[in-house]
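Worksheet: one structure, shown below.
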Amino acid sequence: MSFELYNILTSYGDQFAFNIKVNTKKILSELTQFDNDWAQYNPRKPVNRYGLSLTNYDGKLGPGPDLDSLDEYNIEHNVDISEKDFKVCTPAYNLFKEHFEPFKEWLFRSHIIKLGPGGFFPQHIDNYGLTIPSFRIIVPLKNCNPMNGYFLLEDRILNWEYGRLYFMNTCKRHTVFNPSMKDMLFVVLNVELTGKSLHYFLGSDMIL
């Protein structure tokens, strides 16, 4: 997909909220049933960060390419997999089913990220080249605002309303880190970039 559609999103801003909000208290309470299912995110690197898949290639929880750097995984295993190859819902998806079901058909690789104390994602850009297949939605769940946790988009510190769904322009350089002694939790959704998906998310009653 070309950047023509993506540029429609970014015309509203590099971070903006949708009129969809999950109940974080309920989500965090029910999330404890998956305490033994978290897997190291990008296990090649000794960083305190873990993932719990909402969608992957087989619907099972645990380690796999869905919780890895796809660029590094592809090079290491001589394969060519992408965000769109992870569309099967896991049991953890049911935590969000009430709110995500209307756009489930457009979900690619999606997961909950847990950054423990000192956990981080170094500065990076999520898409290179002349095409872009998906866009990112972030759902902050816990300890995502300063001073507990930081999202930096270029030189801007982002702030969030917990449980709210947000578009974030991850084609710009960004960094996430947890300087606190508490776990930082947020959802990353990769949503297929199509005219239909944009029509849904940019509907007249969908943007705050």
Side-chain angles (χ1 to χ4, degrees), residues 1-24 27 51 53-57 59 65-67 69-71 80-90 92-113 121 123-141 144 151-154 156-176 186-208:
M1 189 62 62
S2 75
F3 273 88
E4 182 178 357
L5 287 178
Y6 195 77
N7 289 341
I8 294 174
L9 277 168
T10 58
S11 68
Y12 289 89
D14 289 328
Q15 179 213 30
F16 60 85
F18 295 112
N19 193 22
I20 309 173
K21 186 178 181 182
V22 304
N23 184 332
T24 55
I27 294 294
S53 295
L54 302 181
T55 63
N56 59 22
Y57 62 93
D66 49 300
L67 294 176
S69 161
L70 293 185
D71 289 338
D80 184 22
I81 57 177
S82 65
E83 309 285 359
K84 71 179 188 304
D85 295 315
F86 305 95
K87 291 183 64 70
V88 182
C89 294
T90 72
Y93 169 82
N94 291 324
L95 296 176
F96 302 90
K97 184 175 181 178
E98 175 185 356
H99 298 284
F100 291 1
E101 201 70 6
F103 54 88
K104 175 185 172 183
E105 64 179 296
W106 301 307
L107 282 182
F108 288 170
R109 182 172 71 139
S110 299
H111 38 258
I112 308 172
I113 292 293
F121 283 86
Q123 60 171 328
H124 65 286
I125 294 172
D126 286 331
N127 192 88
Y128 292 91
L130 301 178
T131 61
I132 181 167
S134 60
F135 60 94
R136 290 280 176 93
I137 289 179
I138 304 296
V139 189
L141 297 177
C144 294
F151 280 79
L152 272 69
L153 187 60
E154 296 187 319
R156 174 187 170 198
I157 298 174
L158 302 182
N159 285 275
W160 314 88
E161 178 187 354
Y162 289 108
R164 182 73 62 187
L165 274 66
Y166 288 82
F167 166 76
M168 178 177 168
N169 183 4
T170 58
C171 288
K172 290 189 173 181
R173 195 167 297 279
H174 57 285
T175 308
V176 187
F186 55 94
V187 176
V188 178
L189 303 177
N190 281 286
V191 181
E192 184 179 9
L193 181 61
T194 71
K196 289 184 177 180
S197 64
L198 288 197
H199 185 268
Y200 176 80
F201 280 102
L202 300 180
S204 60
D205 62 343
M206 289 296 288
I207 300 178
L208 293 182

Determine whether Cys171 and Ile132 make a side-chain contact, defined as any pair of heavy atoms from C-beta on separated by less than 4.5 Å.
-> yes

Work out which heavy atom in Phe121 is nearest to a heavy atom in Ile113; give both atom names and the distance.
-> CE1-CG2, 3.8 Å

Between Lys172 (side chain) and Leu153 (backbone), is there a donor-acceptor pair under 3.5 Å?
-> no

Side chain to side chain contact (heavy atoms under 4.5 Å, CB included) evaluation trace for Phe3 with Thr10 | CA-CA 10 Å; Phe3 273 88; Thr10 58; over 6 Å; no

Taking atom types as modelled, is there a side-chain donor on Tyr200 or Glu105 under 3.5 Å from an acceptor on the other?
-> no

For the residue pair Thr194 and Lys196, confirm or rule out a side-chain donor-acceptor distance under 3.5 Å.
-> no

Compare all side-chain heavy atoms of Phe96 with those of Val22 and state whether any distance is below 4.5 angstrom.
-> yes

Could you go through the side chain to side chain contact (heavy atoms under 4.5 Å, CB included) check for Thr170 and Asn127 one step at a time?
-> CA-CA 8 Å; Thr170 58; Asn127 192 88; over 6 Å; no

Separation between CD1 of Ile8 and NE2 of His199, rounded to the nearest 0.5 Å | 11.5 Å

Output all residues satisfying salt bridge (Lys or Arg N to Asp or Glu O under 4.0 Å) with Lys21, sequence neighbours left out; order by chain, then residue number.
-> Glu161

So do Lys87 and Phe108 actually touch side chain to side chain, heavy atoms under 4.5 Å?
-> yes

From Thr175 OG1 over to Glu154 CD, what is the distance, rounded to the nearest 0.5 angstrom?
-> 10.5 Å

Could you state the interatomic distance from CG (Asn159) to OH (Tyr166), rounded to the nearest 0.5 Å?
-> 8.5 Å

Could you tell me whether Glu83 and Arg109 make a salt bridge, using a distance below 4.0 angstrom between a side-chain N and a carboxylate O?
-> yes

To the nearest 0.5 Å, atom CG of Leu95 lies from atom CG of Leu54 at 7.5 Å

Would you call the rings of Phe135 and Phe201 parallel, tilted or perpendicular, where under 30° means parallel and over 60° means perpendicular?
-> perpendicular

Under 4.5 Å between any side-chain heavy atoms of Tyr93 and Glu101, yes or no?
-> yes

OG-CG distance between Ser197 and Leu202, expressed to the nearest 0.5 angstrom = 8.5 Å

Under a 4.5 Å cut-off applied to non-hydrogen side-chain atoms, are Phe86 and Leu70 in contact?
-> yes

Can you find a heavy atom in the side chain of Ile207 that is under 4.5 Å from one in the side chain of Phe167?
-> no

Decide yes or no on side chain to side chain contact (heavy atoms under 4.5 Å, CB included) for Lys104 and Cys89, but give the supporting numbers first.
-> CA-CA 9 Å; Lys104 175 185 172 183; Cys89 294; 3.5 Å; yes

In terms of heavy-atom contacts, Ser53 and Thr90 come closest through O-OG1, 2.5 Å

Taking the side chain as every heavy atom from C-beta outward, state whether Phe100 and Leu165 have any pair of such atoms under 4.5 Å apart.
-> yes

For Ser134 and Trp106, what are the C-alpha separation, side-chain angles and deciding distance, and is it a side chain to side chain contact (heavy atoms under 4.5 Å, CB included)?
-> CA-CA 9 Å; Ser134 60; Trp106 301 307; over 6 Å; no

For the residue pair Phe16 and Leu208, establish whether any side-chain heavy-atom pair is separated by less than 4.5 Å.
-> no

So, does Asp85 use its side chain to make a donor-acceptor pair with the main chain of Ile81 at under 3.5 Å?
-> no

Nearest non-hydrogen partners of Leu67 and Gly51, listed with the distance = CD1-O, 3.4 Å

Can a donor-acceptor pair be found between the side chains of Asn169 and His174 at a distance below 3.5 Å?
-> no

Of all heavy-atom pairs between Cys144 and Phe186, which one has the smallest distance, and what is that distance?
-> SG-CB, 4.0 Å

Note: Asp66 and His111 closest approach over all heavy atoms is O-ND1, 3.7 Å

State the CG-CG distance between Leu198 and Leu9, to the nearest 0.5 angstrom.
-> 5.0 Å

Would you please name every residue forming a side-chain hydrogen bond (donor to acceptor under 3.5 Å, both in side chains) with Glu192, sequence neighbours left out?
-> none

Residues at least two apart in sequence or cross-chain that pass side-chain hydrogen bond (donor to acceptor under 3.5 Å, both in side chains) with Asn56, listed by chain then number, are none

